[in-house]
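Structure, as structure tokens:
By convention here, the first residue in the shown sequence is residue 1. When a ligand or atom number is given, it counts from 1 through the structure's own listing order.
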Amino acid sequence: MLRIAVFASGNGTNAENLITYFQKSDLARIVLVLSNNKDAKVLDRAKRLNVNTLDFTREEFYKTNDIVDTILKKVDFVILAGFLWRIPESLIEMFPNRIVNIHPALLPKYGGKGMYGMRVHEAVKDNCEKETGISIHYVNEQYDEGGIIFQKKITISPQDSPEQIAGRIHKLEYKYFPIVIGNLLRADFKLDRVNI
Ligand code: GAR
């Protein structure tokens with residue numbers, strides 16, 4: 001059974017969805033949820049689902065090896081699901097092509113520092129975009145610039161509010177993120193892929 005760690009900064013509905021999806025899988029389990037925010041709802045969600053949690057400070061994350069050492073011992077794969085901080089190089093080197101992020105827009109549009117959650121949907125709306133979507137990508141040292149693994153588009157109309165766009169994007173994330181992660185893990189271990 002492969003072991004996955006999820007980093008998240010806030011609400012954690014994607015983290016919860018990943019936890020429950022993989023609890024029914026014979027491929028992997030989410031074994032650890034980490035957050036830079038000790039009050040983040042994601043930590044309550046994980047605890048409720050009997051998943052270990054860890055919160056950390058900026059100092060611990062960037063100036064010590066504590067987090068790298070902890071997850072190296074405990075996990076095979078890392079997922080970012082609404083995580084706000086840049087990942088340190090040491091962690092990226094320890095998990096080559098094994099750290100994956102989800103972004104709520106069609107990268108390279110609407111990515112980069114500060115482009116997070118509702119801010120993304122508000123920018124999409126302000127620019128009168130006709131389509132948006134989700135991007136699942138490998139993580140490198142730059143925000144939202146690692147190789148894209150999967151994208152899914154939706155069309156939006158001028159009447160859609162940022163909140164409505166966010167709702168539709170979340171649905172796409174819940175549907176595709178676990179399947180894409182499962183396929184990545186299967187590719188690593190040369191198992192059959194699931195068609196999506
Ligand atoms: C998700 O929509 C995710 O794509 C986005 O934050 C939201 C977290 O929601 N991530 C980013 O914007 C990364 N730049 P959740 O906490 O309910 O899963």
**Prompt:** Judged by non-hydrogen atoms, does I102 sit under 4.0 Å from ligand 1?
**Reply:** yes
**Prompt:** Is it true that A8 lies under 4.0 Å from ligand 1, counting heavy atoms only?
**Reply:** no
**I99 reachable from I67 in the ILVMFWY side-chain graph, under 4.5 Å edges** = yes
**Message:** Below 4.0 Å, non-hydrogen atoms only: which portion of H170 touches ligand 1? Side chain, backbone, both or neither.
**Reply:** side chain
**Request:** Just jot down the ligand 1 atoms closer than 4.0 angstrom to any heavy atom of N11, in number order.
**Result:** 16 (O), 17 (O)
**Message:** Checking a contact table here: which protein heavy atom is nearest atom 17 (O) of ligand 1, and how many Å away?
**Reply:** T13 OG1, 2.5 Å
**Request:** Just say parallel, tilted or perpendicular for the rings of F61 and F56, cut-offs at 30° and 60°.
**Result:** parallel
**Asked** What is the nearest protein non-hydrogen atom to atom 12 (O) of ligand 1, stated with its residue, atom name and distance?
**Response** G117 N, 3.0 Å
**Asked** To the nearest 0.1 Å, how far is atom 16 (O) of ligand 1 from its closest protein heavy atom, and which atom is that?
**Response** G12 N, 2.7 Å
**Message:** If the cut-off is 4.0 Å to any non-hydrogen atom of H103, which atoms of ligand 1 fall inside it?
**Reply:** 4 (O), 13 (C), 14 (N)
**Item:** Under 3.5 Å: N/O of V120 near N/O of ligand 1
**Value:** no
**Request:** Evaluate whether atom CG of D126 has more than 12 neighbouring non-hydrogen atoms of other residues, nucleotides or ligands under 6.0 angstrom away.
**Result:** yes
**Message:** Is it true that, when you exclude K125 itself, more than 12 heavy atoms of the residues, nucleotides or ligands shown sit nearer than 6.0 Å to its NZ?
**Reply:** yes
**Request:** Before giving the answer on ring pair (Phe, Tyr, Trp, His ring centres under 6.0 Å), spell out for Y176 and F150 the whole-Å C-alpha distance, their side-chain angles and the decisive distance to 0.1 Å.
**Result:** CA-CA 9 Å; Y176 290 107; F150 177 87; 5.2 Å; yes
**Asked** Within the side chain of R29, is there an N or O that forms a donor-acceptor pair under 3.5 Å with the backbone of F22?
**Response** yes
**Prompt:** Short list, please: which atoms of ligand 1 are under 4.0 Å from a heavy atom of P104?
**Reply:** 2 (O), 4 (O), 5 (C), 10 (N), 11 (C), 12 (O)
**Request:** Answer yes or no: does an N/O atom from N14 fall short of 3.5 Å to an N/O atom of ligand 1?
**Result:** yes
**Message:** Please check: side-chain N/O of Q164 versus main-chain N/O of S161, any donor-acceptor pairing under 3.5 Å?
**Reply:** yes
**Item:** For atom 3 (C) of ligand 1, the protein heavy atom that lies nearest, with its residue and separation
**Value:** E173 OE2, 3.4 Å
**Prompt:** Relative to the heavy atoms of G82, which atoms of ligand 1 are at a distance of less than 4.0 Å?
**Reply:** 6 (O), 8 (C), 10 (N)
**Request:** Answer yes or no: does atom CZ of R3 have more than 12 heavy-atom neighbours from other residues, nucleotides or ligands under 6.0 Å?
**Result:** yes
**Message:** I need the single residue from I102, L80, D144 that forms a side chain to side chain contact (heavy atoms under 4.5 Å, CB included) with H137. Which is it?
**Reply:** D144
